[in-house]
J.: 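I'd like to ask you about the structure that follows.
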There are 2 protein chains.
Amino acid sequence: MNVEERIKTSEEIPLERRTIIHIMLVANNINEKLAIALKPFDISIQQFNVLRILRGQNGKPANLSTLNKRMVSKMSNTTRLVDKLILKGYVERHTCPSNRRKVEINITSKGLDRLLKMDDVVSKTETEILDQFSEYELKQLNLLLNQFKL
Amino acid sequence: MNVEERIKTSEEIPLERRTIIHIMLVANNINEKLAIALKPFDISIQQFNVLRILRGQNGKPANLSTLNKRMVSKMSNTTRLVDKLILKGYVERHTCPSNRRKVEINITSKGLDRLLKMDDVVSKTETEILDQFSEYELKQLNLLLNQFKL
DNA sequence: CAATTACATTTGTATATACAAATATTGTAA
DNA sequence: TTACAATATTTGTATATACAAATGTAATTG
């Protein structure tokens, strides 16, 4: 299905507008697929993303602002996102001893364990999403995307 | 800023995962810029999108399921989105006389008028987002994006 | 034509997100 | 050392979104 079919328009869309709509459609589709893949784990993409960041810390605790900076979708309430992960037992939060304004957030062994299982379905989904692309094409795509400001 | 800088990771990201993160980052950034551009009009991107669809109908009313099918981000509550546009006086809703299960939604002249002003800032924003790209590159990008299922 | 199924939208409820204001802590400068 | 500014997080509130159930209408079928 191409862009025009998807949004059911007969009029020609200017190239710039079409490009932006195209990216949005692709991103929404990817989001949807990842959300479905994570659904059995009862976790949102953002929560998954935070768990991955925490694992990447290799035991070194992260504080809220660090998480916020590193998240793919920066959202305005990382506190409550972390609250939910704590409720699930996937992370722990302590106030930072050296600077009591900060908090230190760590992934628990339960969190690591669940994350390992999520990795499988997410990797599989990522592969499915991109299975039409050759390695060369993926590199081309990344090169083009590099021109966007992030 | 590249992907690794943006998410502040030192580890190398596998090409597939990197591509998906890349698209997400770009899409989030575009969303943010468009939302800021539309902010003065006190309207969300989705609401703007619906107004554009209605204008494209050229007077022919649209019903909810049509809107839902054509929206870039399909969302699960087009009723309430339309409610908000009605509240602002940008659209009208009547039950369809030929099939009273359906509703007929039209853009008002006030809606058309506002939309015209929004077009300006949105077009300007779109151009800003894509100003690094040559026409050839935009075409290349669209060709690559075509390989995604929508 | 009564009962059932399908269709189109709306409503209820839970959760998510955005934004601003509040709180708590630390750093700094007169 | 007190007052003020800067930093980090949390909380309040409004709005947005997802999902399921409910409502109302039309079509179908025995």
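Bear in mind that the values here come from a model prediction, so they are computed numbers and not experimental data. Numbered from 1 within each chain, the chains take letters A, B, ... in sequence-line order.
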J.: Once you round it to whole Å, what is the distance between C1' of dA18(D) and CE of Met71(B)?
T.: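 Computing the Met71(B):CE to dA18(D):C1' distance gives 13 Å.
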J.: Using the side-chain hydrogen bond (donor to acceptor under 3.5 Å, both in side chains) rule, take Ser65(A) and Asn68(A) through it: C-alpha gap first, then chi angles, then the decisive distance, then the call.
T.: CA-CA 5 Å; Ser65(A) 52; Asn68(A) 229 326; over 6 Å; no
J.: Starting at atom NZ of Lys102(A), determine the distance to atom P of dT26(C), rounded to an integer number of angstrom.
T.: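 So the two atoms are 11 Å apart, to the nearest Å.
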J.: In degrees rounded to 10°, what angle is found between the helical axes fit to the five outermost pairs at each end of the helix from dC1(C)-dG30(D) to dA30(C)-dT1(D)?
T.: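 The angle, to the nearest 10 degrees, is 10°.
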J.: With a cut-off of 6.0 Å (strictly less than), are more than 12 heavy atoms of other residues, nucleotides or ligands near NZ of Lys139(B)?
T.: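 Not more than 12 within 6.0 Å, no.
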J.: Does anything in residues 25-52 of chain A come within less than 4.0 Å of DNA chain D? Heavy atoms only, and list the residues if so.
T.: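 Per residue number, the list reads Lys39(A).
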J.: Would you kindly say whether Ser123(B) and Arg17(A) are connected by a side-chain donor-acceptor distance under 3.5 Å?
T.: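 Short answer, yes.
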J.: Using whole Å, what does the distance between atom P of nucleotide dA8(D) and atom CZ of Arg93(A) come to?
T.: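 Between P of dA8(D) and CZ of Arg93(A): 17 Å.
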J.: For a quick check, tell me whether the side chain of Arg101(A) and the base of dT9(D) share a donor-acceptor pair closer than 3.5 Å.
T.: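 No.
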J.: Report the residue (Pro97(A) or Val103(B)) whose heavy-atom-nearest nucleotide on DNA chain C is the more 5′ of the two.
T.: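 Counting from the 5' end, the first nearest nucleotide belongs to Val103(B).
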J.: Over how many whole Å does the gap from Leu87(A) atom CG to dA14(C) atom C1' extend?
T.: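 To the nearest whole Å, that distance equals 14 Å.
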J.: I need the NZ-C1' distance between Lys69(A) and dT7(D), as an integer number of Å.
T.: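 Rounding to the nearest Å, NZ of Lys69(A) and C1' of dT7(D) are 11 Å apart.
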J.: Are there over 12 heavy-atom neighbours, none belonging to Lys149(B), within less than 6.0 Å of that residue's NZ?
T.: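 Counting other residues, nucleotides and ligands, NZ of Lys149(B) exceeds 12 neighbours.
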J.: Heavy atoms within less than 4.0 Å of DNA chain C: which residues of residues 73-86 of chain A have one? Give them sorted by number.
T.: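 DNA chain C contact set from residues 73-86 of chain A: Met75(A), Ser76(A), Asn77(A), Arg80(A), Lys84(A).
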J.: Kindly indicate, with the supporting measurements, whether the criterion salt bridge (Lys or Arg N to Asp or Glu O under 4.0 Å) is fulfilled by Asp119(A) and Arg52(A).
T.: CA-CA 9 Å; Asp119(A) 279 332; Arg52(A) 270 208 303 212; 5.1 Å; no
J.: Would you mind telling me which of Leu34(B), Val122(B), Val50(B) makes a side-chain contact (heavy atoms from CB on, under 4.5 Å) with Ile45(B)?
T.: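 Exactly one pass, corresponding to Leu34(B).
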J.: Can you tell me how far the CD atom of Glu4(A) sits from the CD1 atom of Ile21(A), to the nearest 0.5 Å?
T.: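 One gets 8.5 Å once the value is rounded to the nearest 0.5 Å.
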J.: Can you hop from Ile36(A) to Val72(A) via hydrophobic side chains spaced under 4.5 Å?
T.: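 Each belongs to a different hydrophobic cluster.
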J.: Are Ile53(B) and Leu112(B) connected, step by step, through hydrophobic side chains (Ile, Leu, Val, Met, Phe, Trp, Tyr) whose heavy atoms are closer than 4.5 Å?
T.: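 Yes, Ile53(B) and Leu112(B) fall within the same hydrophobic cluster.
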J.: Between Phe48(B) and Phe41(B) (judged by ring centroids, cut-off 6.0 Å), do the two rings come close enough to count as a pair?
T.: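 No, ring centres 6.0 Å or more apart.
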J.: Heavy atoms, side chains only, cut-off 4.5 Å: are Val26(A) and Asn29(A) in contact?
T.: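 Heavy-atom side-chain distance check fails, nothing below 4.5 Å.
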J.: Select from Asn99(B) and Asn99(A) the residue whose nearest nucleotide in DNA chain D is closer to the 5' end of that strand.
T.: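 Per heavy-atom nearest nucleotide, the more 5' residue is Asn99(A).
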J.: Output yes when at least one side-chain N/O atom of Arg100(B) is less than 4.0 Å from OP1 or OP2 of dT25(D), else no.
T.: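 Result: yes.
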J.: Measure CD/Glu104(B) against C1'/dT9(C) and give the value in whole Å, please.
T.: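 Result: 14 Å.
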J.: dT10(D) C1' sits how many Å from Leu67(A) CG, rounded?
T.: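 Checked: the CG to C1' distance equals 15 Å.
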